[in-house]
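A short worksheet on the structure shown next.
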Number of protein chains: 2
Amino acid sequence: MAKRTTPGDPLSREQWAAQIAAFEEPHGARGARKTPLSIERILDTALQIVEGEGFDALSMRRVATALQTGPASLYAHVRNKGELDDLLIGKLCARVVLPTPDPRQWQRQIIDVCGQLREQFLRYPGISRATLATAPNSLDTLRVSEGMLAILLCAGVPAQSAAWVIDAAYLYVTAYSLESSLRNQPGPELDNRVLDRSETIERLNMLPANSFPYTVAHTHELTAGEGNDRFNFTLGLLFSDSLMSTSLSNQP
Amino acid sequence: MAKRTTPGDPLSREQWAAQIAAFEEPHGARGARKTPLSIERILDTALQIVEGEGFDALSMRRVATALQTGPASLYAHVRNKGELDDLLIGKLCARVVLPTPDPRQWQRQIIDVCGQLREQFLRYPGISRATLATAPNSLDTLRVSEGMLAILLCAGVPAQSAAWVIDAAYLYVTAYSLESSLRNQPGPELDNRVLDRSETIERLNMLPANSFPYTVAHTHELTAGEGNDRFNFTLGLLFSDSLMSTSLSNQP
DNA sequence: TAGAAGATAGAACAGTGTTCGTTACTAAAA
DNA sequence: TTTTAGTAACGAACACTGTTCTATCTTCTA
């Protein structure tokens, strides 16, 4: 029972206490142990935390304590915090269902895919920051990209236009979701830095009309679009019919 | 010389050493003192740090040590780190020059304004994250917004379309700059997670062609657009002629 | 000249990501 | 069955972060 590896000290007080504690609860804990943590379990609890408390609350320690362990244990399954973030957005992208391309309704199809992405990003507030903090090169994100590419190419959109507009749409969905998360998520405490609409309108009306004539004249329009309208409007601009005409500058 | 305010302890060892040090260098430091720090000085050094080392390197302590002081001293002029970030992007927005609206070349004008924003954001790598982390309600950002609104409204774009497309363009410029910063900034160490173009093409070619047919067929187009082409392409989509036709859904 | 106000710091607190070294356990080899 | 190698788990610590409390110091005003 005495340790044999290194001669060292004759068992410290904490070690002795730990041995006693382990001896005291041998019933179910010995056999079933503690359900060893895996990448799936880590990602699931991480997503749970983000869904409930926002992306800012997601720290290694927070995940670790939720799994009843220390932060160092996570590094056996995940290289970085950044890698954890990447895996999370990969998991979200994996949930997006891709349609079989139908050239007659390509706009509806691709806007629907973007809507699914938005839905996932808004469900986990702030998580889209992880998308903007790293290069989106995971296989799951590439799968979504491939699906969008298929829709556009089958519809007859030139390859260069398709590639670039997909990139633009992905960036927009990400930034939109992030900004939208700020407005809704903070939730509990209402004295946040992000104001609600009526407050924003009043503040805009306080601006000097000679310096900001157009702003004060259109406060209503500037603050509109809390629902899907603004989102769909922008996507409608990006995925317009003008994409079909190959009007790109003269380069390969 | 003995402290009078509160009786307390009779001068600690560190205090004693500090007094000695202050007594040892009375020559020029007494008269010229230390050039008291102001918001301008703080913002200038902060921008300098971001320009040279990126936004991630911008911490309160980093700014403070650059000003030869402690972090607590900054809080007399700035409420938060967040407020510092806001002031920084405000300073960048203040540099944007706004044209007097000319309806005949409204697209050139507004794309130029977006290009100026991009220029500022790329000069200070990663700083656009500050834009996405808070509500853009400072007067300087509103000034830019007003300028863009003026260009569009004078051109005859409906108010609701103008407001929404400006929002979309601002989000896109921000996200684009942030992603572009990742690719270029890391600079020094080349073994970053962001790959250069040839590496990316090779990686894409390794994908299974049956699962990613369109991606592997168009690796060139997917990785193109390192210059201004991709940026201008997207803005061309957002600020297209179709904006003039008021094709918004039937709501106020 | 005395007092009040405000800027400047030092020290500390509660967090963060990450690594080191040591245990504890599992599963394959002798 | 016993031994051994490999690896997951984990406690403790390091170097950071933003922020606040307190005390000192400077400077302007009455």
Side-chain angles (χ1 to χ4, degrees), chain A residues 1-9 11-19 21-23 26 29-39 41-42 46 49 53 55-65 67-85 133, chain B residues 1-19 21-23 26 29-39 41-42 46 49 53 55-65 67-85 130 133:
Chain A
M1 293 308 165
K3 57 183 187 178
R4 181 181 35 220
T5 54
T6 46
D9 326 325
L11 224 58
S12 77
R13 188 102 140 243
E14 291 90 344
Q15 288 171 329
W16 180 240
Q19 282 198 4
F23 178 76
R30 181 70 55 87
R33 215 165 155 273
K34 243 178 78 178
T35 51
L37 66 171
S38 61
I39 315 187
R41 245 158 66 79
I42 291 178
I49 291 171
E53 313 171 30
F55 185 71
D56 288 324
L58 184 73
S59 66
M60 289 290 167
R61 283 176 166 79
R62 185 72 188 74
V63 177
T65 55
L67 290 167
Q68 303 190 45
T69 179
S73 305
L74 304 178
Y75 285 83
H77 305 88
V78 170
R79 200 178 306 126
N80 277 342
K81 169 87 193 315
E83 183 171 301
L84 197 161
D85 296 344
Chain B
M1 292 308 164
K3 58 183 185 177
R4 179 181 36 218
T5 54
T6 46
D9 326 324
L11 224 57
S12 77
R13 187 103 140 245
E14 291 90 344
Q15 288 171 328
W16 180 239
Q19 282 199 4
F23 179 75
R30 181 69 56 86
R33 217 167 154 274
K34 247 177 78 178
T35 52
L37 67 172
S38 61
I39 314 187
R41 247 157 64 80
I42 292 178
I49 290 171
E53 313 171 29
F55 185 71
D56 288 325
L58 183 73
S59 66
M60 289 290 164
R61 282 177 167 79
R62 185 73 188 73
V63 177
T65 56
L67 289 167
Q68 304 190 45
T69 178
S73 305
L74 304 178
Y75 285 83
H77 305 87
V78 169
R79 199 179 306 128
N80 277 342
K81 170 87 193 312
E83 182 170 303
L84 198 160
D85 297 344

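Lettering follows sequence order; numbering is per chain, from 1.
Proximity of B:H77 to the phosphate of C:dT8: a side-chain N or O atom is located under 4.0 Å from OP1 or OP2. For B:S73, a side-chain nitrogen or oxygen approaches OP1 or OP2 of C:dA9 to under 4.0 Å. The side chain of A:S59 contributes an N or O atom lying less than 4.0 Å from OP1 or OP2 of C:dT16.
Positionally, the nearest nucleotide of DNA chain D for A:A76 lies more toward the 5' end than for the other of A:A76 and A:P71. Sequence order on DNA chain C of the closest nucleotides to A:R62 and B:S38 puts B:S38 first from the 5' end.
Listed here is the closest heavy atom pair of B:K81 and B:M60: CA-CE, 3.0 Å.
When the P atom of C:dA7 is taken as reference, atom CG of B:L67 falls 16 Å away, rounded to whole Å. Atom pair A:M60:CE and D:dC14:C1' shows a separation of 17 Å (rounding to whole Å applied). Counting to the nearest Å, the P atom of D:dT22 and the OH atom of B:Y75 are 17 Å from each other. Distance A:L37 CG to D:dA8 C1': 8 Å, rounded to the nearest Å. Spacing between atom CG of B:L84 and atom P of D:dT17 amounts to 14 Å, rounded to whole angstrom units. Per the geometry, CG belonging to A:L74 stands 11 Å off P belonging to C:dT18, to the nearest Å. As a whole-Å value, the separation of B:R79 CZ from D:dT20 P is 11 Å. Atom-to-atom, CG of B:N80 to P of D:dT17 comes out at 17 Å; the value is rounded to the nearest Å.
Under the rule for a salt bridge (charged side-chain N to carboxylate O under 4.0 Å, His left out), B:R61 has no partner lying at least two apart in sequence or in another chain.
Each of D:dT19, C:dT18, D:dT20 was ranked by its minimum atom distance to the side chain of A:R61; first place goes to C:dT18. Candidate nucleotides C:dA9, C:dT18, C:dT16 were compared by shortest atom distance to the side chain of A:K81, and C:dT18 ranks first.
Residues A:D85 and A:F55 meet the side-chain proximity criterion, which asks for heavy atoms closer than 4.5 Å.
Taking CG from A:L58 and CG from A:L84, the interatomic distance works out to 6.0 Å, rounded to the nearest 0.5 Å.
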Please tabulate, for the side chains in residues 70-79 of chain B, all donor-acceptor contacts under 3.5 angstrom to protein atoms that are two or more places apart in sequence or on a different chain.
{"unit_1": "B:S73", "atom_1": "OG", "unit_2": "B:T69", "atom_2": "OG1", "d": "2.9"}
{"unit_1": "B:H77", "atom_1": "NE2", "unit_2": "B:L37", "atom_2": "O", "d": "3.0"}
{"unit_1": "B:R79", "atom_1": "NH1", "unit_2": "B:E83", "atom_2": "OE1", "d": "3.2"}

